[in-house]
Amino acid sequence: MPSTRHALSRSSAAPRLMLAASMVALVALTGCASSKRSVGTHSGAPQGYAAPGSSAALQAVGYWGQAYQRSPKDRENILNYAAALRRNGQVDQAEAVLRQAIIDHQSDRDIAAAYGKVLAMNGRLPEALQVINGAQTPTRPDWRLMSAAAAIHDQMGNTQKARDLYNQALKIAPDEPSLLNNLAMSYLLEGEAKEAEGVLRRAAASPKADSRIRQNLALAIGLQGRFQEAEQVATAEIDPAQAAQNIAYLKSMLSQRNSWAEIAAQDKKKKKSGS
């Protein structure tokens with residue numbers, strides 16, 4: 001199998017888009033399975049992945065919606081309600097909640113980061129970046145805001161700027177697994193699966209690492225064609241049958257990606273011969 005770096009060079013947009021599509025689809029498949037460990041930040045709220053529209057997702061929206069209604073200026077209620085809305089696909093409503101919160105909590109970096117995230121999800125990348133940069137304090141930079149800004153730069157194609165920000169953030173929060181995970185995703189989007197694997201192994205070694213990181217590690221391994229190893233990593237986190245399904249899907253996506261690469265190369269050759 002050719003190296004992922006060469007198969008996904010920046011000269012062809014189609015393979016890169018196929019990789020992004022396969023990443024999103026695989027994460028969606030994996031997320032639908034029940035993780036072997038529940039990951040949550042606040043007790044009392046429904047935890048773990050819930051598909052949009054599912055009873056669990058609606059329960060989370062209802063739980064935090066009631067809390068928000070009782071105390072709409074409480075930052076915990078704001079952040080959790082907006083997150084529940086976003087995870088249920090109600091991004092516009094989450095944006096409205098956070099837009100009001102920005103007015104009430106002008107110096108709150110977590111709210112600014114959350115607002116920037118939903119703006120980015122709605123495709124308003126320059127505005128999202130402006131919100132996040134506006135909340136940053138140069139003399140006391142927040143690594144979470146750096147990470148959020150870096151992710152937006154990745155979406156905008158500003159890869160080197162994104163990497164610089166991730167590396168700056170890691171100087172503030174060394175070995176922070178969520179930062180390392182985002183940096184690894186930056187590598188994957190550029191077809192650098194081997195580099196992503198190294199970063200994700202470093203992240204997975206942290207006691208703070210969650211299921212998402214190990215699932216992404218399985219993805220990075222699978223993108224290099226080491227499907228059996230990827231399945232072993234995935235099986236440690238999710239049901240073996242689901243892990244096998246994910247790997248089969250990844251193989252399909254890689255096959256389609258290679259087909260897209262061939263089509264792109266043929267189109268480029270035709271255009272060159274026709275000019």
Side-chain angles (χ1 to χ4, degrees), residues 1-31 49 117 120-121 125 146-167 169-170 175-206 209-234 236-238 243 245-261 264:
M1 179 177 178
S3 70
T4 312
R5 181 194 297 273
H6 295 299
L8 291 172
S9 65
R10 292 186 69 92
S11 61
S12 175
R16 188 170 184 269
L17 289 173
M18 283 302 298
L19 173 59
S22 70
M23 285 169 59
V24 171
L26 184 66
V27 168
L29 275 174
T30 305
Y49 175 85
K117 186 172 185 177
M121 289 181 72
L125 300 180
M146 284 184 176
S147 182
I152 294 170
H153 277 295
D154 263 330
Q155 292 179 66
M156 296 173 73
N158 303 329
T159 304
Q160 191 54 55
K161 178 64 176 177
R163 303 277 175 86
D164 289 344
L165 283 169
Y166 285 132
N167 288 322
L170 284 167
D175 294 323
E176 167 58 42
S178 64
L179 264 176
L180 292 170
N181 179 76
N182 289 349
L183 174 59
M185 292 300 100
S186 179
Y187 281 125
L188 281 182
L189 286 172
E190 289 301 303
E192 302 169 26
K194 184 176 180 180
E195 289 81 354
E197 179 190 349
V199 174
L200 285 166
R201 287 193 182 279
R202 181 179 162 194
S206 169
D210 60 22
S211 177
R212 173 194 57 170
I213 290 170
R214 284 175 282 271
Q215 290 163 14
N216 287 340
L217 174 59
L219 173 61
I221 294 170
L223 284 169
Q224 297 174 72
R226 290 150 46 205
F227 299 114
Q228 185 175 1
E229 184 182 350
E231 189 170 346
Q232 289 173 349
V233 173
E237 292 297 319
I238 59 178
Q245 181 182 350
N246 288 355
I247 297 303
Y249 187 88
L250 178 57
K251 287 180 180 179
S252 174
M253 284 295 97
L254 286 174
S255 176
Q256 290 182 44
R257 183 201 68 192
N258 291 335
S259 297
W260 272 101

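All figures in this text were calculated on a predicted structure; none of them were measured in a lab. One-based numbering along the sequence shown.
- Residues Asp154 and Tyr166 are in side-chain contact: their nearest non-hydrogen atoms beyond the backbone lie under 4.5 Å apart.
- The CD atom of Glu195 sits 11.0 Å away from the CD atom of Glu190 when rounded to the nearest 0.5 Å.
- Of all heavy-atom pairs between Ala230 and Gly222, the closest is CB-N, 3.7 Å.
- Nearest heavy-atom pair across Ala193 and Ala220 is CB-O, 3.9 Å.
- Interatomic distance, Leu165 CG to Leu170 CG, rounded to the nearest 0.5 Å: 11.0 Å.
- Taking 4.5 Å as the limit, every side-chain heavy atom of Leu179 sits out of range of all side-chain heavy atoms of Leu183.
- Checked by atom type and distance alone, the side chain of Asn167 pairs as donor or acceptor with a backbone atom of Arg163 at under 3.5 Å.
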task = Applying side-chain contact (heavy atoms from CB on, under 4.5 Å), run through Gln215 and Leu219 and close with a yes or a no.
result = CA-CA 6 Å; Gln215 290 163 14; Leu219 173 61; over 6 Å; no
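- For the pair Arg212/Ser178, a side-chain contact is recorded, criterion being any heavy-atom separation below 4.5 Å from C-beta on.
- Considering CG of Asn181 and CG of Asp210, their distance stands at 7.5 Å, rounded to 0.5 Å.
- At least one side-chain heavy atom of Leu200 sits less than 4.5 Å from a side-chain heavy atom of Ile213.
- Evaluation of the salt bridge (Lys or Arg N to Asp or Glu O under 4.0 Å) rule for Arg201 yields Glu197, Glu229 as partners, not counting sequence neighbours.
- Applying the side-chain contact (heavy atoms from CB on, under 4.5 Å) test to Ala120 and every residue at least two apart in sequence or in another chain returns Leu125, Ala128, Ile152, Gln155.
- Considering every non-hydrogen atom in both Ala184 and Ala196, the closest pair reads O-CB, 3.5 Å.
- Defined by atom type and a distance below 3.5 Å, a donor-acceptor pair is missing between the side-chain atoms of Ser206 and Asp175.
- If you take CG on Leu188 and CG on Leu223, they are separated by 6.0 Å, rounding to the nearest 0.5 Å.
- With rounding to the nearest 0.5 Å, the separation of NE2 in His153 from CE in Met146 is 11.5 Å.
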